[in-house]
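Please read the structure below before turning to the comments.
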There are 2 protein chains.
Amino acid sequence: MVLDPPLPRPLVGRLTVIGLGLIGSSILRAVDVRQLAGTSVAYDAAPEVRARVAELGIADEVAASPAEAVADADIVILCVPVGAMGAVAQAIAPHLKPGAIVSDVGSVKGAVLAALRAHLPEGVHIIPGHPVAGTEYSGPDAGFATLFKNRWSILTPPEGADEPAVARLSQLWAEMGANVEIMSAEHHDLVLAITSHVPHLIAYNIVGTAADLESVTQSEVIKYSAGGFRDFTRIAASDPTMWRDVFLNNREAVIEVLGRFTEDLIALQRAIRWEQGETLFNLFTRTRAIRRSIIEIGQETAAPNFGREPE
Amino acid sequence: MVLDPPLPRPLVGRLTVIGLGLIGSSILRAVDVRQLAGTSVAYDAAPEVRARVAELGIADEVAASPAEAVADADIVILCVPVGAMGAVAQAIAPHLKPGAIVSDVGSVKGAVLAALRAHLPEGVHIIPGHPVAGTEYSGPDAGFATLFKNRWSILTPPEGADEPAVARLSQLWAEMGANVEIMSAEHHDLVLAITSHVPHLIAYNIVGTAADLESVTQSEVIKYSAGGFRDFTRIAASDPTMWRDVFLNNREAVIEVLGRFTEDLIALQRAIRWEQGETLFNLFTRTRAIRRSIIEIGQETAAPNFGREPE
């Protein structure tokens, strides 16, 4: 039996995170706690966010510009909204060292891959990524080191990507606690359309519909939200800029899945109108099993009411 | 200043709960803990549920028939699915004592009021009710005494209802920890359509849509559910019989609100198709404020991710 050579420690010499919100600051914290980088470097376009991260002390260096941030970096992870990826890639392109890995954490992969390819030079390894983890809170104070633990991190290397580079980035995510999966950008965008993008859109939509009803006041909606509505408001409180960009950059898959959803919903409405109780009962029974599976594989808590404590 | 006369202790002489699932068993537990009844009596159509409740010891008496259950009861609370209310009312009608209060906990009030009126005799006070509380679990083991704490309990007495009877029932709910609100059955059904019924329907629907996609496997949906999807599965795991009955018995209001929801969703889909980023951003910003209000009035936890602990 041939043993793998021991992993180099630290795993990465110089690791740069650009964009210091929930995800970016969580990466810095995880890297810090597990000592995964020789030097961690942080940059954000907003001076007050840079100042806050310096104050939090979760990065070894807080850079003053994109150029300074990526100079000599081995791995650069872009944690900015999907719509900002192109501009950031353009800003860092001239300053990247040959052989550097550039990755990201955007919720859309096809559009990001295209944006990075358009701006980054030859000799840089582009390996887009997406950790399927998050909370409804934003900003550098919202992050925490265990955010990725037991969550999936999807990498979407383009065809012909450098295998050692993919392996290295995979190792970094694994060391942060994530399970790593490799798939094409195209398939990622379809999987996430149904597991994340359309659910968010529906949540935003029902909250908006409720706010606009004339026959029921907004204070009534808020008061009686424990009947189910409040579950939707959690994800409808997520960062507006990030989510606007997701929908604009994964249009085709979102519209495709949304079409299915609406078709199914109209069929369900018809079943209600025509009092087809069995159709309703069968669907409602089927969906219970899916919940059970999600709990079984550890992607959800089994605590009733999400463990909300009665006050 | 005139003081109210002290409340009689116990508040109710003989209290009967029919239907011993999540809500019924929670009432029994709350009544037990707070000593709200001289004698609590439990009945369920299923012998194994009756046996389990006897084993749990949460009722003073477990009756063998509806007739025995309601004999001499001062307050009877029906905790059966909405579609079963008529049959239960018919079964208990001949055995109710004059002046007894008959209430329920169904999620639909117009249809229940009609069903109770059709079967119950003159001289019995019909005061339908609905505690807006619950979890995704069912059955007598799922209940707990604090389920109603800081939740709203809505009573929908018909016009001309006996005021002392309404006051007594309100007091019972208040003693179980609930805030009591009085409104018409019609308004209740509209308020709950938006705060509970349509959210449940949408949750059931998206889980069904996801299960039926050919391009994304069910195991992928389960695996990557932390992206948002899993939040929907909680309420889509609720009791199928109860929810079938809700939709069949609140058809008009559900179809009305669903029409609004679909209209809004199609507008949103159009905004995505035509890349109207501002429309999306504005909606996504508006919905955050509603979440904040729900947290502020104590109907929701502010813990990120519903306080799901990273494993």
Side-chain angles (χ1 to χ4, degrees), chain A residues 132 135 137 146 149-151 191 194-196 199-200 204-205 207-210 215-216 220 222 224-230 233 235-237 240 243-244 247-248 258 260-261 264-265 268-269 272 275 277 280-281 283-285 287-288 290-291 293-294 299-301 304-308 310-311, chain B residues 132 135 137 146 149-151 190-191 194-196 199-200 204-205 207-210 216 220 222 224-230 233 235-237 240 243-244 247-248 258 260-261 264-265 268-269 272 275 277 280-281 283-285 287-288 290-291 293-294 299-301 304-308 310-311:
Chain A
V132 185
T135 77
Y137 293 100
T146 54
K149 209 168 170 189
N150 198 26
R151 294 288 162 259
V191 170
I194 181 65
T195 56
S196 178
H200 273 79
Y204 281 122
N205 191 63
V207 177
T209 301
S215 48
V216 177
E220 283 177 314
I222 290 165
Y224 304 117
S225 59
F229 182 78
R230 62 177 176 181
T233 62
I235 62 177
W243 282 98
R244 177 200 60 199
F247 295 116
L248 296 180
L258 211 45
R260 295 288 193 113
F261 171 84
D264 290 346
L265 189 63
L268 214 48
Q269 177 171 333
I272 293 172
E275 305 191 44
L280 301 177
F281 185 84
L283 171 65
F284 301 172
T285 304
T287 54
R288 271 193 149 172
I290 293 177
R291 169 86 183 165
S293 307
I294 293 175
Q299 294 300 306
E300 179 60 297
T301 169
N305 251 335
F306 288 122
R308 290 174 180 119
E311 311 289 315
Chain B
V132 184
T135 77
Y137 293 101
T146 54
K149 207 167 172 192
N150 197 26
R151 294 289 162 257
L190 197 56
V191 170
I194 182 64
T195 55
S196 179
H200 272 80
Y204 281 122
N205 191 63
V207 177
T209 301
V216 177
E220 283 178 313
I222 290 165
Y224 305 117
S225 59
F229 183 79
R230 62 176 177 182
T233 62
I235 62 176
W243 282 98
R244 177 200 61 199
F247 296 115
L248 296 181
L258 211 45
R260 295 289 192 113
F261 172 84
D264 291 346
L265 189 62
L268 214 47
Q269 178 171 331
I272 293 172
E275 306 191 45
L280 301 176
F281 185 84
L283 171 66
F284 301 172
T285 305
T287 54
R288 272 193 146 172
I290 293 177
R291 169 87 184 163
S293 306
I294 293 175
Q299 294 300 308
E300 179 59 297
T301 169
N305 251 334
F306 288 121
R308 290 175 180 117
E311 311 290 313

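Just the heavy atoms: all of them, side chains too, but no hydrogens, waters or symmetry mates, feed the values below. Just so you know, these numbers come straight off a predicted model, no measurement behind them. Chain identifiers are assigned alphabetically (A, B, ...) following the order of the sequence lines, protein sequences preceding nucleic acid strands; residue numbering begins at 1 within each chain.
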Between the side chains of Arg230(A) and Ser225(A), does any donor sit under 3.5 Å from an acceptor? no
Counting heavy-atom pairs under 4.5 angstrom with chain B, the leader among Phe306(A), Phe247(A), Phe281(A), Trp243(A) is Phe306(A)
Measuring from Thr195(B):OG1 to Leu190(B):CG, what's the distance to the nearest 0.5 Å? 9.5 Å
Once you measure the plane-to-plane angle for Tyr204(B) and Phe284(A), does it fall in the parallel (<30°), tilted (30-60°) or perpendicular (>60°) bin? parallel
If you count heavy-atom pairs within less than 4.5 Å of chain A, which of His200(B), Gln269(B), Arg244(B), Arg291(B) leads? Arg291(B)
Under a 4.5 Å cutoff for heavy-atom pairs, which residue among Thr233(B), Ile290(B), Leu268(B) has the most contacts with chain A? Thr233(B)
I'd like to check the side-chain contact (heavy atoms from CB on, under 4.5 Å) partners of Leu265(A); sequence neighbours left out, ordered by chain and number. Phe261(A), Leu201(B), Asn205(B), Leu258(B), Phe261(B), Thr262(B)
Ser196(A) and Gly227(B) have their tightest heavy-atom pair at OG-O, 2.8 Å
Under 4.5 Å, counting heavy-atom pairs only, tell me which of Val132(A), Ile235(A), Asp264(A) racks up the most with chain B. Asp264(A)
Based on non-hydrogen pairs under 4.5 Å, which of Glu275(A), Arg288(A), Glu220(A) is most in contact with chain B? Arg288(A)
Chain B interface, residue from Ile272(A), Val207(A), Thr285(A) that has the most non-hydrogen pairs under 4.5 Å: Ile272(A)
Using a cut-off of under 4.5 Å for heavy-atom pairs, which of Pro240(A), Ser293(A), Gly228(A), Ala237(A) has the most such pairs with chain B? Pro240(A)
Side chain, backbone, both or neither of Ile222(B) within contact of chain A (heavy atoms, under 4.5 Å): both
With a 4.5 angstrom heavy-atom cut-off, which part of Ile294(A) approaches chain B: side chain, backbone, both or neither? both
Counting heavy-atom pairs under 4.5 angstrom with chain B, the leader among Ser215(A), Gly208(A), Pro199(A), Ala226(A) is Pro199(A)
Considering residues at least two apart in sequence or located in another chain, which fulfil the ring-ring contact (aromatic ring centres under 6.0 Å, His included) criterion with Phe229(A)? none
